[in-house]
Structure formats: structure tokens, C-alpha cells
Number of protein chains: 2
Amino acid sequence: MAEVTLKDVARASGCSVATVSRVLAGTRPVGAETARTVREAAARLGYRPNQVARALRSRSTGTVGLVLPQITNPFFPSLVRELEHALHAEGRAVLLADCDDDPLTEAARIGALLDRQVDALLLIPADEHHSRDAVLEAAARVPLVLLDRGCGPGVADSVAVDNAAGTALVLEHLAATGRRRPCFIGAAGTASTAVERRVAYETGAAAFGPQAPGRTELGDFSVAWGRAAVDRLWPARPDAVVCANDLIAVGALQRLRQLGADVPGEVAVTGFDDIPLAGLADPALTTVRQPVPELAAEATRLLTHRPAGSASRRTVRLTPELVVRASSAEGSR
Amino acid sequence: MAEVTLKDVARASGCSVATVSRVLAGTRPVGAETARTVREAAARLGYRPNQVARALRSRSTGTVGLVLPQITNPFFPSLVRELEHALHAEGRAVLLADCDDDPLTEAARIGALLDRQVDALLLIPADEHHSRDAVLEAAARVPLVLLDRGCGPGVADSVAVDNAAGTALVLEHLAATGRRRPCFIGAAGTASTAVERRVAYETGAAAFGPQAPGRTELGDFSVAWGRAAVDRLWPARPDAVVCANDLIAVGALQRLRQLGADVPGEVAVTGFDDIPLAGLADPALTTVRQPVPELAAEATRLLTHRPAGSASRRTVRLTPELVVRASSAEGSR
DNA sequence: TTGAAAGCGCTAACAC
DNA sequence: GTGTTAGCGCTTTCAA
């Protein structure tokens, strides 16, 4: 069954392909009567425009590339979902690339997407430093928005949560509920999320008093690290364990329970991100919710509304929200 | 900066565009010396083939559509990851569509992908019945492989885990470790995974003795349902709760703990899928691991190697593996 | 407002 | 082996 083309519709409706194109793409005014006839013929024949041909000619594929470090990172699926919906709502399709947390793979994927003439790129960089060159190069070719993580200053437009504000919310909550000896389990390295949350903790912890900043342990964003860090921190008997993300916090909760600690009675535990797992942990995890739908909306907005010829980069910071759950409850103390 | 085209490379290397195309696409034999010159010129100019133009002419986009019910379902991210890697390894890109568990959205997404001339579709149907028409229609246009879930018999090639075998593994393990009064928390509805696991439980539970099949509660594949079902089943004091997936099992674990039940001492709990959450539950969840990399490999294999002109559908069933963890341990009884 | 014609960048016939 | 030529299906000049 041969595909129905514009030519077929033109023949069936008795006008030229140009007119049919104009009716269907809505690019230029067309006589009302002609338009009706054309539309009717198109519908009757079951015509579907070939987007590849359209893309070649109009130099726009209506496709955006979405590049992420690891789709299996539990924070990303909901973000992908929101982005997919936002983009499809504008008639754009999403080419997905998963980089396996590897900047080399990332560079290759970006290249593959550009070869496919994506109109734009949405990118969560795998690495603060090593992603930089590929991102800069890509940003020179198409609109590009960095999501969730940065990649050096001035590289591209970016949207992320305000990690400092989120960490501050946690610290205020802990102070207000009587915690006095916090500690921090963070991630080493230069990823912007790691750095910002770490610095914000150090800054905010000073308010607990001169002795308070307490200990800070740095590893990676994993459950295993959360478990391991607790072994190092628990001997000092902190009354709050602030974790740089929810995975770490879940690990910390597990290990604290194994060690017989009473959470939240004896010690509060907090996370960051509000991944689905946070609500399922036992006790349920107090955490900072990233405004995922807003992140997605803002990212697509930045892609779509680009100030013509402006070289300056836009950085959008969204305010997170504290979600208080059982792991930091004060009633039971 | 204008894009470098085939014409530019032809000019720079002193031969025709056709030759350049042949060298770069490797479609036909070309003189060794010419090939070298061309490749060198291409490299020097930084030529990147425009895949859109190539697709229009060759009628192959090198793109496959991946349609899923909900990327936020924790079983899917790892599957998506494997599929993405398998396809990119063959130089194919992935157009992602998330259907929000809605067959209407699914049909629309499938249409959008076909308009973009995907070479093939990988599809996890949202609904056993309501996805059928759209799938049939799509399968008539491009190679299509159903993944994880079925969609009525003979609709398309399909790859899925052997749900009956997996459920049998669980029941054998429970019987072997001395459990005698199992019950089942499953999902209602006609989704193939729901039906197959349910039927396999009913079949296998008979081996526990005439009184044994015990109670079966049907709801959906969610944590909340797992919690709710436990309230109905626990009064009868089963010594094993077999759950149709890990989310249900996690809910069951939570509620059992709240009710003061001793897992695994008093009652074992098992899941299905082995999502990341399973290993993190407390106690860690005994479950059936789906062979995700094999599912992905098999699916891409079915897409690529299609018996010419064969109208018959291929159904591949992969054997799952039992992962025994603390939630069904017998030592503590 | 509409039509004719010229391509978008590439590959596939068909010559040589 | 290699070049010439004709499109893939569409959008977009340019005239009318």
C-alpha cells in the first residue's frame, strides 16, 4: 500500500501541491472554499504528511534531543516524563540518549543527535568539567538548555532547582524542631548539585552554634555510600543526618536501623529530590522536593522563546519545597 | 557557518557527489585511492552527513520508536536503558513516547512516530485490549515488536518473560522452605502480566494441598494496593504472601510491619520483576528477576532479523531467575 | 489567492 | 569504478 502524498491530495482536490501544502501547514492565507476541499480530500485519502520530507525542506525536524547521564537514576524518569509531555504537546518529538554517565558516550550521542538535525537539545550533563566542550560545541549549533546540573559558567541556558535554598529549608526545619548536632553526608566531586548542597550545608550549619557544623562525609550519590557514611558518623551521635540526596538518605536510614538507632527519636534523617522511594522508606523520608513539572516547563520555555541574537545565557533557579515526613518528626522525642 | 554538504566534499576531493556518497555510505565498491582522498577531504572539512536528507532518499531514518505506558514505572528505566544502548550500538536512534497509561494517547503517539518515518516500533502496550487496534495498524506499516506485555494473540512479534515459570519458581522456593499456607496479591484486569502470574499462582498453589490455594486478592500493580490487600489477608494468618510484582510486595511488607508481623519469621513475602527498590526494602525482597538485558537484545534482534515475507508472528519467552533475599529466609523461623 | 518551478542534501539508477 | 541524472516529498520563492 503506497503512501498517500501531497501530490495525491492535490490531484484529488483539483489544485496544486503548493496550495495543499499551504492549507495543511497553515503557512499562508488560502481561500476558504479551497481550504475546505483540500482538507476534505486529505481526510478522505488518509493523508499523513511525511515529516522527513518536511524537515528536509523547511530545515526543522520538530524534534528535540534529550541527553541524560543515566535513565536509571530514579530522579530522572519523572523529569523525562514531564519533558516528553511538554514537548509532544507542542508537536515535537523526543530523541532520547542515555550516556551511561560517560562524557565520551555523551559527546558521541550529542553528535548523533545533531546529525539527525534535532531542532534543539535538552541536556543533563554527565560531568561538570568533561561535558563542557561537547556542550559548548553543540550549543553553537542548536538551542541548548542545561537541566538540573550545570556545566561551568556561561556555557548555555540552564534550569535547575535552587540547591542552596533547599538545603537551607532542611536546616531551618531541623533547627526549629530542636535538633542541635547535625552532620552531613554528601557527594565528592564537582557536580553542581554536589557542590551547591555541600556549600549550603556548611554555610547553614554555622547557625547551630560554633561547635555545630559537625562532621561532613563525602562520597557519591548512592545508597551504598549512605550506609558506609553512617558507620563513620554515628559514633559521634549526631541528632540529625542531612543527606545530599534521597539515595544517600535511604542508605543512611537502613544502616541506622541496623545499628539500633531510633529514627526520628534519636536522630533525624533528611534527603533531597523527593524521588518516589523517599515516601516508601521506613520511616518515610523528610526531603526537599524538586519542582519537576516546573523544571520541565521552564526548560521547554527557554528552548522555545529565545531572545533573537542575544548572546547572554539565561539561568533559571526554581525554588524547592520541603516535604516533612516521619524521618524528622519531633513528636516522638 | 554553513553546513558542509556532500557537494563540498566532492568539490574538495575532485570527484562526483555520487562517489563521495558511495565512499561514505559504503554501499558500493570504490577505488582505494579515491576512497582515501574522499575520506581525507571529508575529515578535513568536518563533514557530517545530513541524516534527514539521507532518510528521505533512502527511505530509512535509522530511527526506532519506543512507546511505553509510563516511564515512571520503576521496571521500565532499566529496560529503556538497555534498548537505547542496543539500538545506538547499531547506529539507530530512539524516539521516545510516554503514553501516560492511556491507549488514546498511545495511539496518537504511535501516529506521530509513524509520521516521522520510524523504521520500526518497540512497544509496551498500555492495555491488553484497547491498544490492539492501534498496534495492528502500526504493525502493518513497520516492523513492530511487543515488549513485556502482550496485546492479544497473533498481533505482532513479542518478547516477554515467562511469567508462569517465574511464579512457579517462587512457589517451589516457598514450598521447599517449609511454607504451607500461601496467599496471593495480584492485579485485576486483563494485562498479560497480571493474568499469567495470577493463573500460574492458582495452578501452582494447588500443590500446597487441597486447602492451600488460600486467598487471592486482586487490585492493581501498586504499593498502595499491597498495603490494602494485607489488611484483608492477614487475619487468616498466611505464612507466605506471593505478590504479582515488587511494588505490591513493598506495600505488603510495609503494612505487615505496621501490623507487627514478623517477616520472614512468621510470614514470607515475595515480589516479581526485581526492580531496584526490591533490594532496598527491609527486609530485602525475594523476587523474580526479569532478564532485562536479554529482553532488550531479543527485541532488537526480532526487529532486525525479520524473515522475509513471513506472516507468522514470533513469540519469545525468556526464563526468569529467582532472587532469594531476606523476606523469605527460613533460618529465622 | 494560486500555480509553476526550484530545490533541501542525499542515494539509486543508469550510463560509460 | 565513476559520473550524470533523476528524484525522495515537501516548502518556498517567484510570477501571474
Side-chain angles (χ1 to χ4, degrees), chain A residues 1-39 41-42 45-63 91 112 114-119 141-142, chain B residues 1-39 41-42 45-63 91 112 114-119 141-142:
Chain A
M1 74 177 182
E3 285 307 294
V4 180
T5 77
L6 209 55
K7 216 149 111 185
D8 299 322
V9 179
R11 196 176 308 125
S13 61
C15 57
S16 75
V17 289
T19 304
V20 177
S21 167
R22 296 197 263 253
V23 171
L24 268 25
T27 41
R28 289 167 144 287
V30 172
E33 178 61 16
T34 324
R36 222 186 40 72
T37 319
V38 168
R39 256 187 269 278
L45 298 178
Y47 171 71
R48 316 273 340 222
N50 179 326
Q51 300 294 345
V52 171
R54 172 176 286 189
L56 179 60
R57 184 61 240 238
S58 65
R59 323 193 127 274
S60 158
T61 52
T63 296
L114 290 176
D115 289 351
R116 288 194 149 76
Q117 312 295 121
V118 291
D119 289 346
R141 309 244 281 111
V142 297
Chain B
M1 71 177 186
E3 285 308 294
V4 180
T5 76
L6 208 54
K7 218 148 112 186
D8 299 321
V9 179
R11 197 175 308 126
S13 62
C15 57
S16 76
V17 289
T19 303
V20 176
S21 167
R22 295 196 266 253
V23 171
L24 269 26
T27 41
R28 285 166 149 288
V30 173
E33 178 60 15
T34 324
R36 221 186 39 71
T37 321
V38 167
R39 255 188 271 277
L45 298 178
Y47 171 71
R48 316 272 342 220
N50 180 326
Q51 301 293 345
V52 170
R54 171 176 286 189
L56 178 59
R57 183 63 242 233
S58 67
R59 319 189 134 282
S60 159
T61 52
T63 296
L114 290 176
D115 289 351
R116 289 194 149 77
Q117 312 295 120
V118 292
D119 289 345
R141 309 245 279 112
V142 296

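Convention: sequence-line order gives letters A, B, ...; per-chain numbering from 1. The basis for the numbers below is simple: all heavy atoms, side chains too, and nothing from hydrogens, waters or symmetry mates. Just so it is clear, the model here is predicted, and its values are computed rather than measured.
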Decide yes or no, distance alone: a donor-acceptor N/O pair under 3.5 angstrom between the base of D:dG3 and the side-chain of B:R22.
yes
| No-H, no-angle donor-acceptor pair, A:R57 side chain to C:dG7 base, under 3.5 Å |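 Yes.
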N or O in side chain of [X] less than 4.0 angstrom from [N] OP1/OP2:
X	N	result
B:R59	C:dT11	no
A:T19	C:dG3	yes
A:T5	D:dG9	no
B:R54	C:dT11	yes
A:S21	D:dT11	yes

Among the nucleotides C:dA12, D:dC10, C:dG9, whichever has the atom closest to the side chain of B:N50 is C:dG9
Atom [atom1] of [X] to atom [atom2] of [N]: distance rounded to whole Å?
X	N	atom1	atom2	result
A:Q117	C:dG9	CD	C1'	9 Å
A:L6	D:dT12	CG	C1'	13 Å
A:D8	D:dC8	CG	C1'	14 Å
B:L56	D:dT11	CG	C1'	12 Å
A:L45	D:dG9	CG	C1'	16 Å
B:D115	D:dG9	CG	C1'	13 Å
A:R28	D:dC10	CZ	C1'	16 Å
A:D119	C:dC8	CG	P	19 Å

Any side-chain heavy atom of [X] within less than 4.5 Å of one from [Y]?
X	Y	result
B:V23	B:T34	no
A:V9	A:V4	yes
A:R54	B:R116	no
A:V142	A:D119	no

**Q.** Salt bridge present between B:E3 and A:R141 (N-O < 4.0 angstrom)
**A.** yes
field: 5'-most by nearest nucleotide on DNA chain C - B:R48 or A:A35
entry: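 The answer here is A:A35.
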When B:S58 and B:G14 are each assigned the nearest nucleotide of DNA chain D, the 5'-most assignment goes to B:G14
